[in-house]
Amino acid sequence: IALAGRLFYLQVAAAPKYKTAALEIQSRNIVTPAIRGMILDSSGKPLAVNQVGLVITVDRSKIDGLEDKGESVLRKLAKTLKVDYPSLYGKTRLCGEKVPPELTGKARCWNGSRYQPIPVTLTATEDTALQIAEHSEVYFGVEANPQGFRYYPAPDGSNSAHVLGYVGPVSENDLLKERDRPLFVNEVLGKAGLEYQYDNLLRGTPGVKTIVVDRREAITNVLNETAPISGDHLVTSIDAKLQAVVEEQLQAAIARARGGSVDKKGARKADSGAAVVMDVKTGRILAMASYPTYDPNIWENGISQQQATDLYSDAKSVPALSRALQGTFAPASTFKVVSVVAADRAGYDLKGMYDCPAQFKVGNRIFKNYESKGVGLINLQTGIAVSCDTIWYKIAFDEWLKDGGLKPKKDAKNYFYKAAKDFRIGEKTGIDLPSESSGRLADREWRAAWYERNKNYFCNYEKRATKAQLTPYLIAIAKENCIDGDKVRAGDAVNFSIGQGDTVMTPLKLTQMYAAIANGGTIWQMMVAKAVVKTDGTVVKSFTPQRLGTVKTSPAILSFLRGSLREVVVSGTGAGVFAGFPIEISGKTGTGQVFGRNPNGSLKDDTSWFASYAPSKNPRYAVVMMVGQGGFGASTSGVGVRQIYSTLFGVS
């Protein structure tokens, strides 16, 4: 009775379960990847497309099982493809996999899984493909098939690498993540930029044919078959022609800073930079450039170990890092727009006269005007135009004292910090790109948290610091931080007022701030995507930037700011750069002092900023350029901004 009951259970009650299990053992999925959707600029020019080529692949899961680990197959394939064996061998190695020393210099790695066919060339000839197909016994584990691959055509000469990102094969980690649908090993995923942000929309759905095979792998039945569904296209607000100009002008600014004067005096290191163009009325990004950059096609063509190292090398200034999105820098004098709002709230007369001496003493320390020049008695608008620092030193110091100094009152007003918060400094812009940095607002709360994280280091500095860091100055700083590093000191307060010290922001954030001044106080979420469309033009989804908030100040103060920023270009630090320009521009220069040394031991140069919007009376665009270690704001970045406006308005 027991045996009969068990047989009934196995053959009848549990039959579907075991039938499914048996089919799973016998079934195979043949996956046809979907065509990935294109990424287009605002006028429909393709920024990312798919190209079809004859692709030669090597299956590591097969050749690794050979006695010689596939060396003979790869050597024959190298001769057929007319490439050297070390290069071909390297392309079949996983990124991070150990490579024999004699092959290290030429090795190019595969950033996918060893269990999927690895492409070794995307542009094989028909003769080569036929030769491989007809001699499968010689080229064991090698196949030749027409396949699509991602290509970035750079319309109008635009690079856009940090905006577009790149795609890559499915990795083993990707397979472990929870997703709306399961991944297949021969799919490609967005790994950075827009490719990553909108991957689910661009990727499409692969076609899957499920077959049943016998023990000889012969097909006995087709269980299911679905056709691939192409991904949708992403239309962006990027203008390819403008993007190319912005990239060109950013590189020109870098070269200008490095060149210095005719006799090379004043030459700067200029190791990085960024430039952003934004529509002030909508928050849409029209162009965004970062320096240094890279060719996004290297990922599809096979990236070498040297290229992979260079992308993240400090010596090469980390080309993989988007300075516009991820780089954080002290905003220098461009920050004074925040200080104007703070001064108004503190009761200072914006139309009054203020002394601008060459220096201002705080305790036993002298804080100087840039280039140590005094201007005398001037109004605040002129103070912004000529970028006087000492006016702000005195105002910030006085307010610090009123708030209680090192022992802040419970009802401390903190006008400067609150004004900065109203501009959303220390928060992300909300741009639809991954890995955005939030920057840092170094207020009292941040200072206390920073101290908790670092006090043990400072209080044991001489034991923990490197030999090179054991200078008398750094030791003294460490002792000071050990004692009262949790407090906002007078020097911190005055530095904060001119955009120096611990407060840092991205070029994107500064662009968002100046756009808010231009448009009447609205802080827009920044956005690159405009719409998702099907191949027939049907709009699947539209994207609209959101209002994140408003600058809490009166129209009169915004009007004062706009007048001051116009005066910068008319008679102040930006006047020489924009002399004779037919469109009214408003902006602010910034020259940020940087503490520390370069890898070669030299002192770091100043950060060059120019933040602006135009036209002054009916603003449409905000343009910001930053050059790390680039020197003066006007002569390095301001010149580049002028050329960008020339393109925007079609003038010279």
Side-chain angles (χ1 to χ4, degrees), residues 35-53 55 108 119 121-123 147-168 188 190-199 202 231 233-255 272-277 284-304 307-308 310-311 316-325 431-434 528-530 533 623 625 640 643-644 646-648:
I35 297 174
R36 192 172 181 86
M38 294 188 293
I39 301 177
L40 310 168
D41 88 336
S42 57
S43 61
K45 294 176 184 176
L47 301 172
V49 297
N50 304 293
Q51 287 193 340
V52 177
V55 179
R108 306 176 79 86
T121 181
L122 306 176
T123 55
Q147 289 184 21
F149 58 92
R150 203 61 160 171
Y151 177 66
Y152 303 95
D156 296 310
S158 61
N159 172 269
S160 308
H162 293 99
V163 177
L164 298 172
Y166 59 92
V167 299
V188 294
K191 300 290 185 176
L194 292 173
E195 295 278 26
Y196 174 89
Q197 188 75 19
Y198 295 102
D199 181 69
L202 292 166
H233 305 314
L234 179 68
V235 180
T236 71
S237 56
I238 297 294
D239 182 322
K241 183 178 179 181
L242 177 64
Q243 177 73 22
V245 170
V246 171
E247 291 169 357
E248 177 187 337
Q249 290 306 317
L250 178 59
Q251 291 185 42
I254 297 285
S272 62
V276 182
V277 182
R284 297 197 183 279
I285 298 297
L286 309 181
M288 188 178 86
S290 179
Y291 180 92
T293 188
Y294 61 92
D295 178 5
N297 289 306
I298 61 174
W299 301 97
E300 287 296 318
N301 296 331
I303 185 170
S304 69
Q307 286 174 318
D310 287 348
L311 280 174
K316 299 288 184 180
S317 299
V318 195
L321 178 71
S322 169
R323 262 55 183 204
L325 180 76
I431 193 170
D432 52 339
L433 289 171
V528 179
K530 289 182 72 175
V533 299
V623 180
M625 182 177 287
Q643 296 305 316
I644 292 170
S646 292
T647 298
L648 282 167

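Numbering starts at 1 and runs along the sequence shown. As the structure is a prediction and not an experimental result, all values here were calculated from the model.
- Under a 3.5 Å cut-off, the side chain of N159 and the backbone N or O of T293 do not form any donor-acceptor pair.
- The closest side-chain heavy-atom distance from Q51 to P153 is not below 4.5 Å.
- With values rounded to the nearest 0.5 angstrom, Y198 atom OH is found 8.0 Å from L433 atom CG.
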Practice item. Check the pair D199 / R36 against salt bridge (Lys or Arg N to Asp or Glu O under 4.0 Å), numbers first and verdict last. Key: CA-CA 9 Å; D199 181 69; R36 192 172 181 86; 2.9 Å; yes
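- When every heavy atom of P434 is checked against every heavy atom of G193, the shortest pair comes out as CD-O, 3.5 Å.
- Counting only heavy atoms from C-beta outward, the side chains of D239 and V277 never approach each other to under 4.5 Å.
- Side chain of S290 to backbone of R323: a donor-acceptor contact under 3.5 angstrom is found.
- H233 places a side-chain N or O within donor-acceptor distance of the main-chain N or O of M38, the cut-off being under 3.5 Å.
- Although no hydrogens or angles enter the test, the distance criterion places no donor-acceptor pair under 3.5 Å between the side chain of T236 and the main chain of A529.
- Distance alone, capped at 3.5 Å, is enough to place a donor-acceptor pair between the S237 side chain and the V528 backbone.
- Rounding to the nearest 0.5 Å gives a distance of 10.0 Å between CD of E195 and CG of L47.
- Annotation: side chain of I39 is in contact with side chain of R150 (closest heavy-atom distance under 4.5 Å).
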Practice item. Please assess D310 against Y294 for the test side-chain hydrogen bond (donor to acceptor under 3.5 Å, both in side chains), listing each intermediate value before the final yes or no. Key: CA-CA 10 Å; D310 287 348; Y294 61 92; over 6 Å; no
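- A donor-acceptor pair under 3.5 Å is absent between the side-chain atoms of D156 and the main chain of S158, judged by distance alone.
- Crowding of K241 atom NZ: a count of heavy atoms from other residues, nucleotides or ligands under 6.0 Å not exceeding 12.
- M288 contributes atom CE, which lies 8.5 Å from atom NE2 of H162 (distance to the nearest 0.5 angstrom).
- In this structure, the side chains of V245 and Q643 stay at 4.5 Å or more apart for every pair of heavy atoms.
- Remark: L194 CG to L164 CG distance equals 6.0 Å, nearest 0.5 Å.
- Note: F149 CZ to L122 CG = 5.0 Å, rounded to the nearest 0.5 Å.
- Rounded to the nearest 0.5 Å, atoms CD1 (I298) and OH (Y152) are 11.0 Å apart.
- E247 and Q243 share a side-chain donor-acceptor pair at under 3.5 Å.
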